[in-house]
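Worksheet: one structure, shown below.
Values below: all heavy atoms of this structure, side chains included; hydrogens, waters and symmetry mates excluded. Labels below follow one simple rule: chain letters A, B, ... track the order of the sequence lines, proteins then strands, and each chain is numbered from 1.
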Amino acid sequence: MILESVTIVEIKPSAPFHFDTTFHKPAHFTSGDNYWESGIRWQTFRFLGKYLGVIFRNTGSVEIPKIEVEIYSSRPLANDLVAEFIQEIQYRYNLNFDLNHFYQHFASDTKVGPVIKKMRGLRPGHQDSLYEYLIIGIVLQNCTVRRSIQMMQILFEHYGTLLEFAGKQFWCFWDLGDLKTVPEAELRSLKLGYRAKSIKKTDDSFAKGVVNENELRQQDLDTQKTKLLNLYGIGPATVGYLLFDVFHHWDYLDHISPWEQKIYSKLIFDQDPNHPVTVRKLFSYFNRFGPYKQLVIHYLWEDLWWQRKNQPIPWLEKLIRA
DNA sequence: CATCAGGGCCCTG
DNA sequence: CAGGGCCCTGAT
């Protein structure tokens with residue numbers, strides 16, 4: 001599908017804002033629906049029934065932020081839809097989030113202070129809808145990064161739509177409920193394994209309205225958590241990521257998996273990853289960051305992965321099996 | 001060649 | 001609450 005109609009909108013995020021660390025998270029695996037280079041991000045969206053190809057450009061600075069958003073579509077977009085889309089973008093990338101409160105509290109912390117200084121303006125957030133994030137979460141489970149990327153790619157090729165805009169091509173997600181007519185056996189034949197069942201059931205729950213993202217955003221944390229855990233194939237690890245990335249609970253920390261335990265042990269206590277500190281000790285360390293404890297982890301984590309982009313980190317390579 | 005564990009989760013006992 | 005099974009893949 002070729003998208004030729006262009007709408008241009010300017011967004012002014014709250015300051016400070018750092019474009020690259022917000023629009024590119026090197027810790028996330030790459031997928032065929034986006035691309036990043038310094039100062040520019042391509043991303044497709046399935047939004048309110050439309051296929052959108054979007055280019056975000058950094059046209060400001062950390063202290064005077066500005067983003068130019070080019071929205072490509074097959075036909076001209078109604079103003080209302082554009083406004084709603086921009087609002088959604090501001091939500092997903094937390095463009096109005098006030099980082100100053102967080103910074104003031106922890107600027108003097110010996111471990112975290114230098115990182116928030118270095119990563120000044122980084123926003124948490126994620127480009128995908130809840131439904132899309134769930135699919136990614138399922139595809140991540142119990143396998144290596146390479147396999148996750150393969151499964152995501154094959155899903156795009158079978159159920160996504162290839163969009164062309166501004167001379168580039170990217171895959172776009174299918175809509176929730178679109179897998180209704182797809183038999184579980186077909187997903188299995190695409191080498192999704194036992195995840196086929198989880199994907200089918202999750203898709204079905206959205207199609208039937210058992211889960212509705214906009215409603216869920218209005219609910220409290222416990223309701224969100226319960227509803228997400230009720231989805232077949234979704235457990236505490238995936239829910240942890242969702243509550244932070246999609247529902248923006250900056251303090252949600254409930255679960256530290258063994259591989260994360262090793263990485264945090266090295267980062268915080270400089271422990272050999274083969275002899276990590278106890279999970280208990282990690283919880284008690286992170287608890288000091290109260291309402292921002294998961295945000296602190298996000299900062300440490302992203303800092304580490306940005307470092308890795310510039311120069312491989314031997315102890316980390318062994319743990320991530322990229 | 002065979003075996004095993006991986007950026008979980010479900011189900012059973 | 002512990003532990004086996006699940007799909008497939010690459011490492012050993």
Begin from the C-alpha positions of A/F45 and A/F85 and carry the test ring pair (Phe, Tyr, Trp, His ring centres under 6.0 Å) through to its verdict. CA-CA 10 Å; A/F45 292 90; A/F85 178 67; 5.1 Å; yes
Please lay out, stage by stage, how A/E70 and A/Y72 fare under the test side chain to side chain donor-acceptor pair (under 3.5 Å). CA-CA 6 Å; A/E70 285 174 42; A/Y72 290 80; 2.7 Å; yes
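Counting only N and O atoms by type, the side chains of A/Q224 and A/Q219 include no donor and acceptor under 3.5 Å apart.
Backbone-only engagement by A/I234 is indicated by non-hydrogen atom pairs under 4.0 Å involving sugar-phosphate atoms exclusively. Backbone-only contact: A/Y232 has heavy atoms under 4.0 Å from sugar-phosphate atoms and none from a base. Using a 4.0 Å heavy-atom cutoff across all strands shown, A/T238 reaches sugar-phosphate atoms only and no base atom. Using a 4.0 Å heavy-atom distance criterion, A/P236 is classed as a sugar-phosphate-only contact. Residue A/R195 is in base contact, counting any heavy-atom pair closer than 4.0 Å across all strands shown. Using a 4.0 Å heavy-atom criterion, one finds that A/I263 contacts no nucleic acid atom at all.
With a cut-off of 3.5 Å on both Watson-Crick or G-U wobble distances, the partner of B/dC9 is given as C/dG5.
Between the C1' atom of C/dT9 and the CG atom of A/L190 lies a distance of 16 Å, rounded to the nearest Å. What separates CZ of A/F29 from P of B/dG7 is a distance of 13 Å, to the nearest Å. Remark: C1' of B/dG8 and CD of A/Q261 are 16 Å apart, rounded to the nearest angstrom. Taking atom CD1 of A/I320 as the reference point, atom P of C/dA11 lies 14 Å away to the nearest angstrom.
In terms of phosphate contacts, A/R146 brings a side-chain nitrogen or oxygen within less than 4.0 Å of OP1 or OP2 of C/dG10.
Test A/D245, A/T238, A/D128 against A/Y133 for side-chain hydrogen bond (donor to acceptor under 3.5 Å, both in side chains) and you get one pass: A/D245.
One cannot find a donor-acceptor pair under 3.5 Å joining the base of B/dG7 and the side-chain atoms of A/Y241. Contact annotation: side chain of A/R147 to base of C/dC7, donor-acceptor pair present below 3.5 Å.
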